[in-house]
Structures are given as structure tokens and as C-alpha cells.
Amino acid sequence: MSTERDRLDVFWGRNAPLRAGRERVRSAKEPQKNGGQGGDGDGGPGSGTALITRTRPQTRRPHMYRVLLLNDDYTTQEFVVVVLRRYFNKSLEEATRIMLLVHNHGVGECGVFTYEVAETKVTQVMEFARRHQHPLQCIMEKK
Ligand code: TYC
């Protein structure tokens, strides 16, 4: 069964700190406005229980990753345009612009994605290039 943590991992990356710095634990012994004597179910002083207080929203923006194409002397320009259209949904004009940018500057950005999406694009492009015997290199880097 998939847990809430499993589902969050899809967005934040496994082992990302889930709530680091976003919650604090207030001891039931810590003085409160009403002296901690209130009948609000905190267990009262000395009970050894703690109250967890949310201080920030539960959601955070995921880290984003650039997917980059690297230039080489052997992959054809036509093939790179096909890659950009097929895996990055670029128009013919935009794909041609990015391909020429990579051709002239050595590296160019295909798009920015969450970790898992970027990783999938890189794998798909590398596999597609390998299948067509092109040495094209596709990498990702944290923004
Ligand atoms: N430099 C290649 C050529 O002249 C074209 C090319 C462009 C290759 C972009 C890779 O990512 C690349 N045939």
C-alpha cells in the first residue's frame, strides 16, 4: 500500500527532509497563555506529553532541474531537432533555435522539470540516441 510519505517522495525526492524546520514541539510543561492549566487536552504540567504545532504550510516547491543537450561533431542537426520536438514538445522553429544554440555554444537548455521528470527525459533521449547510433549527450543539473 502506498503511504502519504511515499506519495510525497514522488514530489520531493526520496529522503528529502519532510518537515525539517517546519514544526516545533512544544513541551506540555512550557508556559502557555493560560499557564498550561487549561482544559484543552494537553495533558497538563508534568504529564510528559507534547503538543506539535504547525508553524508553516505543509507544502513546499520542489527543486527544479534543467535538462541540457551537449554538442558533438557527429550527431546530425536534423536528429537533434527531432529529439527536441519529440521529447520536449518544441515547435520546428524553437527546436531549430535550440539546436543551433547548442551547436554554436556547446550546451543548451531543453526544459526545466522536477527530478523524476528530468531523469526520465534524460534516459529517453540517451536511449533514443543510442538506438540511432548517435553520440548525443543529454544531462540534467539542479537549478
Ligand atoms: N554539431 C553537430 C553537427 O554539426 C550538431 C549538433 C547540435 C550535435 C546539437 C549535437 O546537441 C547537439 N552535426
Side-chain angles (χ1 to χ4, degrees), residues 1-34 36 38 40-143:
M1 210 187 84
S2 105
T3 65
E4 179 67 15
R5 176 72 212 236
D6 287 336
R7 269 176 276 121
L8 288 169
D9 285 341
V10 170
F11 284 94
W12 307 120
R14 192 158 284 281
N15 301 324
L18 187 54
R19 285 179 184 134
R22 292 189 297 116
E23 288 185 357
R24 68 190 199 101
V25 176
R26 176 162 53 82
S27 163
K29 293 173 187 168
E30 199 175 306
Q32 296 169 42
K33 274 184 197 141
N34 63 6
D40 57 2
D42 69 359
S47 69
T49 62
L51 197 64
I52 296 171
T53 310
R54 279 192 210 296
T55 54
R56 290 192 207 171
Q58 211 170 10
T59 54
R60 284 178 305 172
R61 283 172 299 107
H63 294 132
M64 300 301 279
Y65 293 79
R66 284 189 192 95
V67 173
L68 307 171
L69 280 179
L70 305 184
N71 189 36
D72 66 75
D73 292 339
Y74 305 101
T75 305
T76 64
Q77 296 194 345
E78 291 74 18
F79 184 79
V80 177
V81 170
V82 169
V83 164
L84 286 161
R85 302 198 66 187
R86 184 174 177 134
Y87 295 103
F88 301 97
N89 304 313
K90 302 298 185 190
S91 67
L92 177 59
E93 293 71 26
E94 181 67 356
T96 303
R97 187 189 70 77
I98 296 170
M99 180 278 294
L100 287 173
L101 195 142
V102 178
H103 177 70
N104 291 317
H105 293 91
V107 61
E109 185 179 293
C110 310
V112 178
F113 309 96
T114 56
Y115 184 88
E116 284 79 5
V117 175
E119 194 184 38
T120 300
K121 302 265 183 206
V122 168
T123 302
Q124 288 174 333
V125 170
M126 293 296 284
E127 170 60 18
F128 187 59
R130 196 194 58 79
R131 230 165 53 224
H132 289 83
Q133 302 188 308
H134 288 296
L136 180 65
Q137 294 295 302
C138 184
I139 62 171
M140 60 193 270
E141 68 168 32
K142 200 168 178 185
K143 251 185 98 96

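All ligand and atom numbering here is 1-based and tracks the order in the structure. The figures here come from the full heavy-atom set of this structure, side chains too, leaving out hydrogens, waters and symmetry mates. Computed from a predicted structure; not experimentally measured.
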Subject >> CG-CZ distance between Leu101 and Arg97, expressed to the nearest 0.5 angstrom >> reply: 6.0 Å
Original post:
Quick one: does Met126's side chain get under 4.5 Å of Val122's, heavy atoms only?
Top reply: yes
For ligand 1, output the ligand-protein N/O contacts shorter than 3.5 angstrom; if there are none, return none.
| unit_1 | atom_1 | unit_2 | atom_2 | d |
| --- | --- | --- | --- | --- |
| ligand 1 | 1 (N) | Asn71 | OD1 | 2.7 |
| ligand 1 | 1 (N) | Asp72 | O | 2.8 |
| ligand 1 | 1 (N) | His103 | ND1 | 2.9 |
| ligand 1 | 4 (O) | His103 | ND1 | 3.3 |
| ligand 1 | 11 (O) | Leu70 | O | 2.8 |
| ligand 1 | 13 (N) | Thr75 | O | 2.9 |

Original post:
Parallel, tilted or perpendicular for Tyr115 and Tyr65, by the 30°/60° rule?
Top reply: perpendicular
Original post:
Are Phe79 and His132 an aromatic pair by the rule of ring centers under 6.0 Å?
Top reply: yes
Original post:
What's the spacing between Thr123 OG1 and Phe128 CZ if we round to 0.5 Å?
Top reply: 15.0 Å
Original post:
Does Glu119 reach the side chain of Met140, with side-chain heavy atoms less than 4.5 Å apart?
Top reply: yes
